[in-house]
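These notes concern the structure reproduced below.
Below, each value reflects all heavy atoms present in this structure, side chains not excepted, and no hydrogens, waters or symmetry copies. Values in this document were obtained by computation on a predicted structure and should not be read as measured data. Labels below follow one simple rule: chain letters A, B, ... track the order of the sequence lines, proteins then strands, and each chain is numbered from 1.
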2 protein chains.
Amino acid sequence: MQTHNLERTLAAKRISPTAMRLRVLEYLVAREAAVSLADVEKGLSHTDRITVYRTLKTFEEHHLVHSIEDGTGATKYALCAEECRPDTPHHDLHIHFHCRQCDETTCLPSTVLPALQLPEAYTAEEMSLTVQGICNKCNHH
Amino acid sequence: MQTHNLERTLAAKRISPTAMRLRVLEYLVAREAAVSLADVEKGLSHTDRITVYRTLKTFEEHHLVHSIEDGTGATKYALCAEECRPDTPHHDLHIHFHCRQCDETTCLPSTVLPALQLPEAYTAEEMSLTVQGICNKCNHH
DNA sequence: GCTAATTTGCACCGGTTATGCAAATTTCCT
DNA sequence: AGGAAATTTGCATAACCGGTGCAAATTAGC
């Protein structure tokens with residue numbers, strides 16, 4: 001994502017542009033990796049944790065971000081791809097990569113999930129694939 | 001797994017067979033689905049939660065069980081397949097299926113994960129694939 | 001500008017994951 | 001079998017994450 005008009009981004013997902021939401025979105029855009037609630041709280045000064053929490057929930061409900069469980073225990077959030085529409089169920093069917101060295105979690109949208117053959121009588125609705133390892137930055141010393 | 005000699009199972013993974021560990025293992029064997037710490041605590045009477053917690057951690061360290069993050073917030077544990085050796089890194093490269101109706105999480109070992117093509121310079125060490133949906137039992141009304 | 005709706009900030013709760021430490025148990029050795 | 005050393009257990013206690021209720025502040029609609 002580049003050259004952001006933050007208000008425009010919020011409006012596209014039908015989110016009222018309050019001061020808090022603009023600050024949180026600005027923080028999300030600046031960061032490449034997925035962020036946790038604690039990350040945002042530390043990154044922005046003079047903010048209430050609960051308000052940030054609800055802001056991220058609002059972003060998620062309006063499909064501006066998607067939540068990621070990367071195994072660290074804390075839910076992380078990353079901006080959705082442009083294709084995510086505010087009214088359709090969004091699918092983040094890409095890999096979420098957690099680097100055990102720098103502890104950052106990143107979306108790998110280029111890696112598409114292969115179709116799965118589930119056993120008889122199982123119905124899949126959602127899926128998530130998390131990979132643990134060493135990311136490209138940490139591999140380049 | 002069938003006709004268990006519990007002591008033998010523990011010994012194979014180099015775990016001292018204390019009374020507590022035998023009880024927890026017995027409970028794990030009896031259950032088909034993955035169990036949470038709270039499940040074990042409720043299933044066994046007169047047990048200390050912390051002790052069960054540490055017992056499961058010990059089982060995990062010795063590769064008797066593997067832990068699963070199914071999105072419910074609580075870590076669940078399931079017995080490892082026989083191939084898991086106590087000294088090698090264990091791979092639970094099967095699907096973990098969480099049924100949103102009966103709320104049970106099961107391992108689907110028959111469904112092998114296809115090899116992934118990660119982007120340049122990413123090194124994968126572990127991965128987990130969780131699928132949410134309706135399981136076979138709940139689909140059969 | 002004024003009213004209604006939404007959003008924010010504070011207090012507070014609950015569940016899960018953890019740690020420290022003394023008592024109990026198990027292991028090991030003779 | 002007995003007794004010391006190592007491990008394991010149980011209790012107290014705490015950190016952390018996610019969440020709700022409610023009144024004050026802010027925003028939106030007219």
Side-chain angles (χ1 to χ4, degrees), chain A residues 6-11 13-27 34-62 64-78 86 98 103 105 130, chain B residues 6-11 13-27 34-62 64-78 86 98 103 105 130:
Chain A
L6 300 176
E7 283 93 345
R8 198 170 290 271
T9 302
L10 288 181
K13 300 297 169 84
R14 307 182 198 286
I15 303 171
S16 316
T18 68
M20 184 80 237
R21 290 169 179 168
L22 288 169
R23 294 181 67 203
V24 174
L25 176 59
E26 187 179 30
Y27 180 81
V35 301
S36 67
L37 171 57
D39 289 335
V40 182
E41 193 192 355
K42 284 167 201 150
L44 302 178
S45 51
H46 308 298
T47 52
D48 180 58
R49 202 188 85 255
I50 308 300
T51 306
V52 176
Y53 165 75
R54 281 191 275 224
T55 300
L56 290 171
K57 281 287 181 192
T58 301
F59 284 3
E60 189 184 10
E61 284 164 14
H62 288 77
L64 176 56
V65 302
H66 60 272
S67 63
I68 306 167
E69 303 292 335
D70 61 4
T72 61
T75 306
K76 296 193 177 167
Y77 299 88
H98 175 72
D103 197 38
T105 299
T130 308
Chain B
L6 300 175
E7 282 93 345
R8 198 170 290 273
T9 302
L10 288 180
K13 300 298 170 83
R14 306 180 197 287
I15 304 171
S16 317
T18 68
M20 184 79 235
R21 289 168 179 169
L22 288 169
R23 294 182 66 203
V24 173
L25 176 57
E26 187 180 30
Y27 180 81
V35 302
S36 67
L37 171 57
D39 289 334
V40 183
E41 193 193 354
K42 284 168 200 150
L44 303 179
S45 50
H46 307 298
T47 52
D48 180 57
R49 203 182 66 258
I50 308 300
T51 306
V52 175
Y53 165 74
R54 279 190 276 222
T55 300
L56 290 172
K57 281 288 182 192
T58 301
F59 285 3
E60 188 185 10
E61 285 164 12
H62 288 76
L64 175 56
V65 302
H66 58 271
S67 63
I68 306 167
E69 302 292 334
D70 62 4
T72 61
T75 305
K76 296 193 176 166
Y77 300 88
H98 174 72
D103 197 40
T105 299
T130 308

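Below the 3.5 angstrom threshold, one finds a donor paired with an acceptor across the side chain of R49(A) and the base of dG18(D).
Summarising the geometry, the separation between CD on E41(B) and P on dA18(C) is reported as 16 Å, rounded to the nearest angstrom. When rounded to the nearest whole Å, the span between CE of M20(A) and P of dG9(C) equals 6 Å. Between H46(A) atom NE2 and dT8(C) atom C1' there is a gap of 16 Å when expressed in whole angstrom units. Rounded to whole angstrom, the span from the CD atom of E61(A) across to the P atom of dT7(C) amounts to 10 Å. The CD atom of E69(A) sits 13 Å away from the P atom of dT17(C) (whole-angstrom rounding). Rounded to whole Å, the distance from CG on D48(B) to P on dA24(C) is 15 Å. In this entry the distance linking CD1 of I15(A) with P of dT8(C) reads 11 Å, nearest Å. Atom CG in L10(B) sits about 14 Å away from atom C1' in dT26(C), given to the nearest Å.
Nearest heavy atoms, L10(A) versus P17(A): CD1-CA, 3.7 Å. Between A78(A) and I68(A), the shortest heavy-atom contact is CB-CD1, 3.9 Å. Scanning all heavy atoms of the two residues, the minimum distance from S45(B) to R23(B) falls at O-NH2, 2.9 Å.
Rounded to the nearest 0.5 Å, atoms OG1 (T58(A)) and NZ (K13(A)) are 14.0 Å apart. If you take OG1 on T75(B) and OH on Y53(B), they are separated by 8.5 Å, rounding to the nearest 0.5 Å.
Between D48(B) and M20(B), every side-chain heavy-atom pair lies at or beyond the 4.5 Å cut-off.
For T130(B) and E69(B), the side-chain atoms include no donor-acceptor pair closer than 3.5 Å.
Nucleic acid contact for T75(B): sugar-phosphate only, since backbone atoms but no base atoms lie under 4.0 Å from a heavy atom of the residue. Nucleic acid contact for T58(A): none, since no nucleic acid atom lies under 4.0 Å from a heavy atom of the residue.
Mapping R21(B) and L37(A) onto DNA chain D via the closest heavy atom, the residue that lands nearer the 5' end is R21(B).
Summary of helix geometry: the two end axes of the helix from dG1(C)-dC30(D) to dT30(C)-dA1(D), each defined by five base pairs via their C1' atoms, are inclined to each other by 40° (rounded to 10°).
Of the possible donor and acceptor atoms, one in the side chain of R21(A) sits under 3.5 Å from a partner among the backbone N and O of S16(A).
Taking only side-chain nitrogens and oxygens, K57(A) comes nearer than 4.0 Å to OP1 or OP2 of dG19(D).
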List the protein contact pattern of nucleotides 20-30 of chain D with one symbol per nucleotide (5' to 3'): B for base contact, S for sugar-phosphate-only contact, - for none; contact means a heavy-atom distance under 4.0 Å. BBB-----S--
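Checked against side chain to side chain contact (heavy atoms under 4.5 Å, CB included), R49(A) has the following partners two or more places apart in sequence or in another chain: L37(A), E41(A).
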